[in-house]
There are 2 protein chains.
Amino acid sequence: MAKKLDPLLHNELRLSILSLLISLEHADFGYLLEKTEASKGNLSVQLTKLKEVGYIEITKTFKNNYPYTECKVCPKGIEAFEKYVNEISKLLNLKK
Amino acid sequence: MAKKLDPLLHNELRLSILSLLISLEHADFGYLLEKTEASKGNLSVQLTKLKEVGYIEITKTFKNNYPYTECKVCPKGIEAFEKYVNEISKLLNLKK
DNA sequence: TAAACTAGTTTATAAAATAAACCAAACAAT
DNA sequence: ATTGTTTGGTTTATTTTATAAACTAGTTTA
């Protein structure tokens, strides 16, 4: 079919992540875990996917001796998200 | 994660089908094929799924000696669609 | 120093999406 | 009347995705 919806965004968890990152600008792994209620494994996989296509940036450092993963949305991610919103709005006959 | 989006609707083709059926009330296989630009096989499978959960009703008759498949949305389908719209609107911070 | 916890990643499995192959009946040409 | 072609689909096989379970590497606590 004539695919309009970016398949990378058309997934509930990835959509939630990007939505959060867009409103917050950046967030750490634990926060995303809590907010999305995803499993750690699933969250990790989906973050990696979003990073691989350049929608987000992941910075790994240490905080209190523990690994600390921070995520930040990239311009490409914002663009893709906005496009997704437009397309699904059309599909569902929503006004933005 | 805390799943909010009905997985049966969170699929582009099924979403398109339901969106069309809601605005048109009913449509035949060929029309849906044309509008969605899906393959026949995919359309057939997704229509069957939507029927199996009671979101749409499928009526098979004959027209000019050929099989003729008509689809119509059911109340349950309308309800599910509306719920989906609400949930994804929240997720994406859209106003309906 | 062993157990338990933190903060993740990797991988195995199940589920889903999709296209390719198929089918039965109708029509068309030979 | 037989062969080929088209219509209007369905079924099935394959690939892709999503997800949870298992694992890793290091830290803290007892």
Side-chain angles (χ1 to χ4, degrees), chain A residues 1-18 20-21 26-53 55-72 80 84 88 91, chain B residues 1-18 20-21 26-53 55-72 80 84 88 91:
Chain A
M1 71 170 292
K3 276 238 194 75
K4 294 289 187 174
L5 301 178
D6 180 347
L8 234 126
L9 287 187
H10 197 58
N11 161 274
E12 186 163 359
L13 181 49
R14 287 193 299 269
L15 216 43
S16 301
I17 293 167
L18 223 66
L20 284 167
L21 289 182
H26 65 94
D28 61 56
F29 193 93
Y31 179 83
L32 291 174
L33 203 54
E34 192 186 315
K35 275 289 179 180
T36 62
E37 297 173 60
S39 67
K40 291 183 297 173
N42 197 6
L43 182 57
S44 177
V45 168
Q46 306 313 333
L47 285 176
T48 301
K49 284 190 185 177
L50 290 171
K51 185 188 78 181
E52 272 164 0
V53 294
Y55 288 1
I56 68 171
E57 199 184 317
I58 300 182
T59 316
K60 286 164 196 291
T61 55
F62 285 85
K63 194 168 190 171
N64 310 322
N65 278 340
Y66 286 111
Y68 182 69
T69 301
E70 276 228 281
C71 309
K72 190 174 169 316
Y84 178 87
I88 198 153
L91 190 58
Chain B
M1 70 171 291
K3 276 236 194 75
K4 295 288 189 176
L5 301 177
D6 180 347
L8 235 126
L9 287 188
H10 196 58
N11 162 273
E12 187 165 359
L13 181 48
R14 287 194 299 269
L15 217 42
S16 301
I17 293 168
L18 223 65
L20 284 168
L21 288 182
H26 65 93
D28 61 58
F29 193 93
Y31 178 83
L32 291 173
L33 203 55
E34 191 186 315
K35 274 290 178 179
T36 63
E37 296 174 58
S39 66
K40 291 183 297 173
N42 196 8
L43 182 57
S44 176
V45 169
Q46 306 312 333
L47 285 176
T48 301
K49 284 190 186 176
L50 290 172
K51 185 188 77 180
E52 271 164 0
V53 294
Y55 288 0
I56 68 170
E57 199 184 319
I58 300 183
T59 316
K60 285 164 196 294
T61 55
F62 285 86
K63 195 168 188 172
N64 309 322
N65 279 338
Y66 285 112
Y68 182 70
T69 301
E70 277 229 281
C71 309
K72 190 175 171 314
Y84 178 88
I88 199 153
L91 190 59

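The chains referred to below are lettered A, B, ... by the order of the sequence lines, with proteins before strands, and numbering in each begins at 1. On a predicted model such as this, the values are computed, not experimentally measured, just so you know.
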Using the side-chain heavy atoms of B:Arg14, tell me which of these nucleotides is nearest: C:dT10, C:dA17, D:dT10. C:dA17
How close or far is atom P of C:dT18 from atom CG of B:Leu47, stated in whole angstroms? 14 Å
In whole Å, I'd like the distance from the CG atom of B:Leu9 to the C1' atom of C:dA16. 15 Å
Taking only side-chain N and O atoms of A:Ser39, does any of them lie within less than 4.0 angstrom of OP1 or OP2 on D:dT19? no
Of all heavy-atom pairs between A:Cys71 and A:Leu32, which one has the smallest distance, and what is that distance? SG-CD1, 4.0 Å
From the candidates D:dA18, C:dA17, D:dT11, the one with an atom nearest any side-chain atom of A:Gln46 is D:dA18
Specify the separation, in whole Å, of atom CG of A:Asn11 and atom P of D:dT16. 17 Å
What is the distance, rounded to the nearest whole Å, between atom CD of B:Glu70 and atom P of D:dG8? 13 Å
Using atom CG of A:Leu43 as one end and atom P of D:dA18 as the other, report the distance to the nearest whole Å. 14 Å
A:Lys49 has a side chain; which of D:dT10, D:dT17, C:dA19 sits nearest to it? D:dT17
For the pair made of CG in B:Leu33 and P in C:dT18, what is the distance, rounded to whole Å? 14 Å
Return the value, rounded to whole Å, for the distance between atom OH of B:Tyr68 and atom P of D:dT10. 14 Å
When you measure from the side-chain N and O atoms of A:Lys3 to the phosphate of C:dT18, is any distance below 4.0 Å, counting only OP1 and OP2? yes
Could you give the CG-to-P distance, from B:Asn42 to D:dT12, as a whole number of Å? 17 Å
What is the per-nucleotide protein-contact pattern of nucleotides 23-30 of chain D, from the 5' end, where B denotes a base atom under 4.0 Å from a protein heavy atom, S denotes such proximity for sugar-phosphate atoms only, and - denotes neither? ----SS--
If we ignore hydrogens and angles and just use 3.5 Å, is the side chain of B:Glu70 paired with the main-chain N or O of B:His26 as donor and acceptor? no
Keeping A:Asn64 on the side-chain end and A:Tyr66 on the backbone end, is there a donor-acceptor pair under 3.5 Å? no
Working to the nearest 0.5 Å, report the span between OH of B:Tyr84 and CG of B:Leu15. 5.0 Å
Backbone N or O of A:Gly30 within a donor-acceptor pair of the A:Asp28 side chain at under 3.5 Å? yes
Separation between OH of A:Tyr55 and CG of A:Leu8, rounded to the nearest 0.5 Å: 6.0 Å
Counting distance only, does the side-chain N/O of A:Ser44 pair as donor-acceptor with the main-chain N or O of A:Lys40 below 3.5 Å? no
